[in-house]
Structure formats: C-alpha cells, structure tokens
Amino acid sequence: MPMHPLVGHWDARRRLSRAFRADRLSQVLVFTGPAGVGKQRLGLWLAQLVFCAERGEEPCGRCVACKAVEGLAHPDLHWFVPIPRPKASDREKQVEEAADALAGILEERRRGGLYPAPEPMAIHGLASVRLLQRRAVLTPVLGRRKVFLIGDSDRLVPQEASQEAANALLKLLEEPPADSLFVLTTVDARRLLPTIRSRAVPLRLGRLSDEEVAEVLRGWLRPPLAEEALRERVALAGGSVGAALALDDEIGAAYDAAREMLEAVLAGRAGMPARMERALRQTPWAARGEFTAMLDALADTLSEAARAALGETPRRPLPEALRNRRDATALVRAMERVAGAREAAAGNVNPQILLANLGEELAEVL
Ligand SMILES: [Zn+2]
C-alpha cells in the first residue's frame, strides 16, 4: 500500500521544483511548520522529484523510482524518525538496534494509512546519527543521489549523551557528500542547534485547508470515519492531519471530561456536590496538559453553545443540557469564567480545587 498522497503546500512544491530544475537546490533543507501538516510527506515528495526518471515539474508517480518512494522501498531514500533509546551498552550493537527500530517503524508505515507522532521519549540518539553517517558514504543504488529525511529533527537536542550525536550530525551537514540531500523537519527551527540551523535553508509550511485535511482523512484513515464525525474532526484539527489523528485520544478525552463537568453543573445545585465529585474523580489529571486541554474543550463547547443560541449551526455535537439554550449572554459569561480558570491553571494551582471553584461559578452564571 503506497503512502497517502501529498496534499496542499503548492507554493513550497513550486519553489522546490524550480530550485531543483535550476540545479540550485540546497543540500541541507529544513522544513518548518505546525505539527501534522505534512512536512515529512513533503520530504518524501521531494525525494520522488529528485529520483524521478521523468524530471518534470512534479514527480510523475509512475516510474520505478516514484513507485519505490511511495512504497517506502527506495534504496537511496533514508528516512530517519525518532526511536526509543537503544538498550544495548555496546556501541556497535546500539547502531544495529537503531537500524532494526527504524526498519520496524518503516515497515508499519509501508502497510499504509496514516501514522501518529513519535513517542514522547523517542529521540535521534547517537546510534541513529552513526547509522546516518554510515549510510551517507554509501554509493547510491538506483540513481545518482541519496536523500536523507530526518523527521522531528529537534529531537536531536543537546542534552545528556546526545550532544555527541548533534556534533556528529553537524559534521555531516557542514560537508555533506556531494550526492546527498538532507531534509530536516521540525515544528520550530529555534529548537534546532543554532549551528545546524545556520547550515540549513529554511522552508516554512503553513496549515492545510479543512478540505485538504478532509481529503487525507477520507482516503486514508483506517477505520474510516462517518462523514459527520469526519467533518467535526476536521473542524477541530486546525489544518493539521496530525492533530486530526491525535483527537481520538487527547481531545476526545478532554471533550468527554468537559461534557461531564457541564452536565454536573447543569444538573442543578441539588445534585451538584455528588456529581461534581464524580466528575472530578473520573478524570485523571496525570498531566497539567490534560487539565488545560479539558478547560479549552470546556470553553469551546460553551462557545459552540453560544453560537447555537444565536441561531448558528454548532460545529460539534453539544451535550444534551446545552442544546436548547437561548441565552447567549450567560454562555459568554461562563466562557469568561473558564478563561479565568485557564489563566489560573498556568500557575501553581491544584487542578481539583480550581475545578471545584469553577464548577460553583458556572452553576451561578448558567
Ligand atoms: Zn517518476
């Protein structure tokens, strides 16, 4: 199953294509832009363009090279993604372990569909960089060039043992082998080592349009979503396929918690303590991020209810208790209270206490 097709980023494509055909393409590029908009996918597209037998403005998609890139089976394409820290103590073994881990991830991606962001602890460690160095000196197998795509390259951070990894990569980028193209991707170029950043030509990618995100999800999300759920997901994703994929877990949980909270508040003061207590207990606040995500979901739900109160169609299904509200002012006041809690949450406040207070305030205004 081939990779999902690249959508959007037409300006970036044109610029890359023009530079390549004029033989002006920098050997070290860094694609920056929001998470999940297809930075690495554009890197694959560029690999296709570089390897394509047709040498057109866009990769032909039909030649052996194009097909091989799409199937992630091109021997001169080296895609590095963050992997777990190798367990072996022997350095040689660590490199083998890194190669196996990368092969495993690519095998999964070869099976098609869309893939999630890397695990939080995954890195480009020294073993990955050593592997990269080794592959950089190989002669290209099919064509005349090699392409190295280094996704989430900010995961190569100068901390602990990875300073050495950063320096090793730096050496490679300072004098890249003439037949090699390096494409780094990162959400924020400032997270890269300044020395690496200064050697890379930046290309900034923007968010995708809702229609572009929908196109990718419609064609490639497994299992597929029903059209209504898909539209809801796209509206929340903010132009990022990655965000749309992550919504299942994080945002879905945040909206569920927000709905419970609102239901507890709106069930009336009589049942409040017990209901609030249940809502609080059922929600795991393992991380502060989850708590603020819940507050954001709460604000968004209230904002959609206010739209509905003004006769607009809400962009996501509303909790039963908020469906037929006609008083937009009360809803806006509730949003202000949530915004206040959101500010307080940035400080060192106990989420449970903050939430209990917020519950009281919302019960007053709603
Ligand atoms: Zn081609």
Side-chain angles (χ1 to χ4, degrees), residues 3-52 55-59 61 65-66 69-70 72 74 76-82 115 117-118 124 132 136 145-157 166 169-170 172-209 212-213 215-216 237-243:
M3 286 295 290
H4 69 85
L6 174 64
V7 296
H9 305 311
W10 291 104
D11 185 49
R13 292 192 211 191
R14 272 190 292 271
R15 288 169 60 183
L16 290 169
S17 180
R18 219 180 292 141
F20 175 62
R21 279 177 294 128
D23 211 14
R24 283 188 291 103
L25 193 63
S26 161
Q27 271 189 275
V28 186
L29 296 162
V30 56
F31 294 172
T32 66
V37 297
K39 297 184 291 297
Q40 294 180 74
R41 185 62 190 82
L42 182 66
L44 294 175
W45 175 92
L46 181 59
Q48 259 184 331
L49 186 78
V50 166
F51 297 144
C52 180
R55 299 188 64 83
E57 283 180 33
E58 287 256 329
C66 281
V69 173
E70 250 180 37
L72 302 183
H74 199 295
D76 302 322
L77 168 67
H78 303 278
W79 191 3
F80 283 76
V81 297
Y115 54 87
H124 293 291
L132 203 149
R145 293 167 195 262
K146 306 185 292 274
V147 173
F148 292 85
L149 176 57
I150 307 168
D152 296 282
S153 53
D154 46 276
R155 294 289 183 99
L156 190 134
V157 283
L169 180 63
L170 188 62
L172 201 56
L173 298 183
E174 270 172 349
E175 288 174 53
D179 61 3
S180 295
L181 169 66
F182 292 86
V183 180
L184 285 64
T185 76
T186 177
V187 168
D188 183 355
R190 286 170 302 183
R191 291 191 204 164
L192 297 178
L193 288 179
T195 39
I196 289 181
R197 198 168 68 221
S198 68
R199 272 164 187 84
V201 172
L203 184 69
R204 173 142 191 95
L205 304 186
R207 294 181 179 278
L208 298 170
S209 71
E212 285 161 351
V213 175
E215 185 188 328
V216 177
S240 159
V241 171

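These numbers come from a predicted model, not from an experiment.
Residues L25 and V201 fail the side-chain proximity criterion, which asks for heavy atoms closer than 4.5 Å. At least one side-chain heavy atom of D152 sits less than 4.5 Å from a side-chain heavy atom of Q40. Considering only heavy atoms from C-beta on, L149 comes within 4.5 Å of L44 through its side chain. The shortest side-chain heavy-atom distance between T32 and V30 falls under the 4.5 Å cut-off. Using a 4.5 Å heavy-atom threshold, the side chains of K39 and V183 count as separate. Side-chain atoms of D76 and V50, non-hydrogen and from C-beta on, never get closer than 4.5 Å to each other. Between I196 and F182, the closest side-chain pair of non-hydrogen atoms is not below 4.5 Å. Here the side chains of L193 and L169 are not in contact, with every heavy-atom distance at 4.5 Å or above.
Of the possible donor and acceptor atoms, none in the side chain of S26 sits under 3.5 Å from a partner among the backbone N and O of L29. A donor-acceptor contact shorter than 3.5 Å links the side chain of S240 to the backbone of A35.
Residue pairs that meet the ring pair (Phe, Tyr, Trp, His ring centres under 6.0 Å) test with at least one member in residues 10-39, sequence neighbours left out, do not exist here.
Rounded to the nearest 0.5 angstrom, L170 CG and S198 OG are separated by 7.5 Å. Rounded to the nearest 0.5 angstrom, E212 CD and E215 CD are separated by 7.5 Å. One finds the OG atom of S153 at 4.5 Å from the CG atom of L192 (value rounded to the nearest 0.5 Å). Separating the CG atom in L184 from the NE2 atom in H124 is a distance of 8.0 Å, to the nearest 0.5 Å.
For A47 against L77, the heavy-atom pair with the smallest separation is CB-CD1, 3.9 Å. Nearest approach of P177 to Q27, heavy atoms of both residues: O-NE2, 2.8 Å. Heavy-atom minimum distance, P34 versus V187: C-CG2, 4.5 Å. Residues A237 and A243 share a closest heavy-atom pair of O-CB, 3.5 Å. For the pair G206 and H9, the tightest heavy-atom approach, listed with the atom from each and the gap, is O-CE1, 3.3 Å. Of all the heavy atoms in A136 and L172, the pair that sits closest is CB-CD1, 3.9 Å.
Listed by chain and number, the residues in a salt bridge (Lys or Arg N to Asp or Glu O under 4.0 Å) with R13 are E58 (sequence neighbours excluded). With sequence neighbours excluded, the residues that form a salt bridge (Lys or Arg N to Asp or Glu O under 4.0 Å) with R199 are E174.
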task: Walk me through it: do L42 and L203 pass the test side-chain contact (heavy atoms from CB on, under 4.5 Å)?
output: CA-CA 11 Å; L42 182 66; L203 184 69; 4.3 Å; yes
message: Go through it in stages, so that I can follow the logic: the residues are L156 and I150, the test is side-chain contact (heavy atoms from CB on, under 4.5 Å), and I'd like the CA-CA distance, side-chain angles, deciding distance and then a yes or no.
response: CA-CA 10 Å; L156 190 134; I150 307 168; over 6 Å; no
- request: Given ring pair (Phe, Tyr, Trp, His ring centres under 6.0 Å), test F51 with H74 step by step and report yes or no.
  value: CA-CA 9 Å; F51 297 144; H74 199 295; 4.1 Å; yes
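With a 6.0 Å radius and a threshold of 12 heavy atoms from other residues, nucleotides or ligands, R21 has its CZ atom above the threshold.
H78 and F148 have parallel rings, their planes meeting at less than 30° on a 0 to 90° scale where 60° marks the start of perpendicular.
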